[in-house]
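In listed order, ligands and their atoms are each counted from 1. Please read all numbers here as calculations on a predicted model, not as lab measurements.
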Amino acid sequence: MTRAPKNPGRSEKVGNQDIARAFDEIADLLELESDNPFRIRAYRNAARTMRGAPEEAADMIARGGDPDDLPGIGKDLAAQIAEMVSSGRLTRLDRLRPEVPALALALSHVPGIGPRHAMDLCEGLKPRPQTLDDVLAAALAGKVRALPGFGRLSEQKLAERLQVEQKREKRFKWASVRPYAEALLKRLMAEPSVEAVAVAGSYRRRKETVGDLDLIAASETPARVTKSLVAAPDVDRVLAEGPTKASVVLRGGVQVDLRAVPRESYGAALLYFTGSKAHNIALRRMAQQRGLKINEYGVFRGEERVAGADEASIYRLFGLDEIPPELREDSGEIDAAARGGLPRLVGLKDIRGDLHVHTNASDGANTLQEMAQAARARGLDYIAVTDHSQRMRIAHGLNRERLLAQFEAIDRFNEENPDFTVLKGAEVDILPDGTLDLEDDLMRWLDVVVAAVHSDFGLPRDKQTERVLRALDNRFVFILAHPTGRLLLERAPGDLDMARVMRAARARGCCLEINGQPERLDLNDAHCRMAKAEGVRLSIGSDAHRTSDFANLDGAVAQARRGWLEARDIVNTLPSGKLKALIAASR
Ligand code: DGT
Ligand code: CA
Ligand code: CA
């Protein structure tokens, strides 16, 4: 399904990845119990086999095959696979879990902490720790060094590792913090003493995940601003409160850092706290070369402030064009700004149509008419309806007959609505061998064919790459959707030779999608930039499953901007007529 499930491990069908995860957990638990090393290794090997298996175990069993035929899978493991496939549960795992403290498992997953230490920490510390934070507190209090097998040094190492872990865990998808950010902006804006306020940091740079929110406010009475934040309704805990700064944790776990500065420092503070750190360091170097000093209060020559009220004046002072926040990663933007060579980044208003839209004919929530009306209301001129092909049974994929019925509905809609265009499309599954889940004689009638991988994400690099290349070989495929299949903070990108995929896409006139679902944002920024360098065009898709999902276009455009893309790099900045001609020429 293109819509990422809420809980990908628990979608209706048990996939090989789920089985692999269960086997790995058994191996982890057995390790914590100091079980027989051969048995532990057998589970680890089985997990690896399942990740690389060419076919879903569920499909294999459905066609009468036996997982017993897979390398390293014996009778016992095969029976466990069959149990998971049929019931979604694994008795062995259910029995093991209560024998080992959950905290020990979590500790053993922290890099550098082995199973022995994990168990010793859980069972040795008094009072008995319940969370990683409890263990960190014990280490910082010097209570760990007294345990057998630990010392002062290993205690310190443990604390460092847990601190890294603590930081690593707490990232949030950009879209999930947006409501908090907007509510706080609104609240602070309403404060009479506030002249300007903005969210800086990675949020402003539009990174796909953010660690915390960094708010900057301009005010002559900063203490009133920090008070207002601390008193906000969503605040769960106050970490620090001073006359110009405050840090709080919101319900939901997001930390917010606020800095209030005088008006004349607002640009400098915004610049400093937008970062990135690497961009700041590069700017500081430029300042030093000019005998200037830059910090969050301004740019100074000696004691004199020479810039600081707004960002543009600071960049100008360094002979730079104003650099959009999305580019501030010290990856060439400063050189480009110095020679007037920054890209004219694509904006949401450049997008004329949406090339990835679902309706309730497959797994969407709204009708074709509702989706088209909502798109038109957002100022789009066209959408491609790309419901799932039939193999995606959980997504209620369309068979031949239902697809033909949809053709008729689209023709009727277009006749009745001359000011808007619905393109006929489909999101066609790329099967594990690279063949497509729709016949050529149907695809030839589609305006836009979107191809996508929805299963077997764990294939080894060469197999996964060949699979995608084979799909691109089909003359009707125009877009490769969510190319790597990653789910932010949940599923790593598939192992693809992206350089080969891009060369093939260029040779065949295909585009790669920037999928705007907040949990995908796939391609990533680096791959967008690589595509541009390789001469491959991109297409932006909301992957909308309901009318409100057209908001995803904003996220996809932000990703395109982080990838230095301009309107001409993106096919759906074209009017529908030109786009159709481009697609026809690629066949
Ligand atoms: P995040 O929150 O992890 O997603 O990433 P950022 O970039 O928002 O980082 P954060 O919240 O730690 O700091 C906000 C900005 O403050 C950062 O982008 C640049 C600036 N900054 C923080 N620490 C330093 C530093 O040590 N040196 C310099 N030059 N700038 C820093
Ligand atoms: Ca931040
Ligand atoms: Ca911060």
Side-chain angles (χ1 to χ4, degrees), residues 163-182 184-185 188 197-217 225-226 229-230 232 234-242 244-250 252-261 265-289 292-300 307-308 311 314-315 318 320 323-331 333-334 488-489 518-519 521 524-526 555 558-559 561-562:
Q163 276 162 337
V164 169
E165 186 66 13
Q166 215 177 23
K167 258 209 141 80
R168 195 181 67 79
E169 291 253 294
K170 290 181 188 147
R171 292 196 72 80
F172 303 86
K173 290 167 209 161
W174 190 94
S176 72
V177 300
R178 179 180 200 160
Y180 299 111
E182 293 191 338
L184 288 172
L185 281 180
L188 296 184
V197 58
V199 186
S202 52
Y203 183 85
R204 183 163 178 239
R205 302 199 313 279
R206 297 297 302 243
K207 278 197 69 153
E208 48 285 68
T209 63
V210 302
D212 66 4
L213 291 174
D214 304 284
L215 295 178
I216 308 298
V225 189
T226 55
L229 172 68
V230 166
D234 275 340
V235 170
D236 179 44
R237 263 181 305 142
V238 178
L239 302 176
E241 185 186 0
T244 60
K245 302 188 225 187
S247 284
V248 300
V249 179
L250 303 179
V254 186
Q255 184 176 327
V256 181
D257 297 336
L258 167 69
R259 281 284 197 129
V261 297
S265 292
Y266 182 67
L270 194 55
L271 186 66
Y272 183 89
F273 290 105
T274 296
S276 65
K277 191 169 164 182
H279 182 84
N280 288 353
I281 290 170
L283 286 182
R284 195 187 313 142
R285 208 176 306 119
M286 293 192 77
Q288 281 161 355
Q289 285 162 0
L292 301 169
K293 208 178 105 196
I294 181 170
N295 58 30
E296 59 266 51
Y297 301 104
V299 185
F300 298 87
E311 289 184 327
I314 300 174
Y315 283 119
F318 295 150
L320 301 175
I323 300 173
E326 295 92 331
L327 300 186
R328 299 183 193 171
E329 301 290 348
D330 190 24
S331 56
E333 74 278 10
I334 292 183
L488 291 168
L489 310 173
E519 49 278 309
L521 295 174
N524 70 17
D525 52 350
Q559 186 81 326
R561 290 169 64 86
R562 285 181 59 79

For Ser276, atoms of ligand 1 separated by under 4.0 Å from a heavy atom: 18 (O)
Worked check of side chain to side chain contact (heavy atoms under 4.5 Å, CB included) between Phe172 and Leu489: CA-CA 8 Å; Phe172 303 86; Leu489 310 173; 5.9 Å; no
Close N or O approach (Thr209, ligand 1; < 3.5 Å): no
Side chain, backbone, both or neither: the part of Asp257 lying under 4.0 Å from ligand 1 by heavy atom: neither
Proximal ligand 1 atoms for Gly201, defined as those under 4.0 Å from one of its heavy atoms: 8 (O)
Polar side-chain atom of Glu326 near backbone of Arg561 as donor-acceptor pair, under 3.5 Å: no
Where Leu320 and Leu283 come nearest, the two heavy atoms and their spacing: CD1-CD2, 4.0 Å
Under 3.5 Å: N/O of Arg205 near N/O of ligand 1: yes
Contact atoms of ligand 1, heavy-atom distance to Val210 under 4.0 Å: 4 (O)
Nearest protein heavy atom with distance in Å, relative to atom 2 (O) of ligand 1: Asp212 OD1, 3.1 Å
Which atom of Tyr180 lies closest to which atom of Asp234, heavy atoms considered: CD2-OD2, 3.8 Å
Test: Glu333 and Arg205 ion pair at under 4.0 Å: no
For atom 15 (C) of ligand 1, the protein heavy atom that lies nearest, with its residue and separation: Phe273 O, 3.2 Å
Taking atom 17 (C) of ligand 1 as the reference point, the nearest protein heavy atom with its distance: Gly275 CA, 4.0 Å
Verdict with reasoning, Glu311 to Arg204, per salt bridge (Lys or Arg N to Asp or Glu O under 4.0 Å): CA-CA 14 Å; Glu311 289 184 327; Arg204 183 163 178 239; 2.9 Å; yes
Closest protein heavy atom to atom 3 (O) of ligand 1, given as residue, atom name and distance to 0.1 Å: Arg171 NH1, 3.1 Å
Backbone of Ala200 reached by a side-chain donor or acceptor of Asp214 within 3.5 Å: no
side-chain contact (heavy atoms from CB on, under 4.5 Å) partner of Tyr203, the single match among Leu215, Asp212, Val177: Val177
Atom 9 (O) of ligand 1: the protein heavy-atom neighbour that sits closest, reported with distance to 0.1 Å: Asp214 OD2, 4.7 Å
Minimum non-hydrogen distance to atom 29 (N) of ligand 1, winning option of Lys207, Gln255, Arg284: Arg284
Residue pair Val261, Glu296: steps toward the side chain to side chain contact (heavy atoms under 4.5 Å, CB included) verdict: CA-CA 9 Å; Val261 297; Glu296 59 266 51; over 6 Å; no
Side chain Arg171, main chain Thr209, donor-acceptor under 3.5 Å: yes
Minimum heavy-atom distance between Gly211 and Ser202, given as atom pair plus value: N-OG, 4.2 Å
Angle subtended at the Ca ion (ligand 3) by OD1 of Asp212 and OD2 of Asp257, nearest 10°: 110°
Part of Asn280 within contact of ligand 1 (heavy atoms, under 4.0 Å): side chain
Minimal non-hydrogen separation, Arg328 against Tyr315, with atom names: NE-OH, 3.1 Å
Options Ala269, Ser202, Gly211, ranked by nearest heavy atom to atom 6 (P) of ligand 1, top entry: Ser202
Any Leu213 heavy atom less than 4.0 Å to ligand 1: no
Closest approach to the Ca ion (ligand 3) by Asp214, given as the N, O or S atom name: OD1
For Thr274, atoms of ligand 1 separated by under 4.0 Å from a heavy atom: 18 (O)
Nearest protein heavy atom with distance in Å, relative to atom 23 (N) of ligand 1: Lys277 CD, 4.3 Å
Residue portion contacting ligand 1 (non-hydrogen atoms closer than 4.0 Å) for Tyr272: both
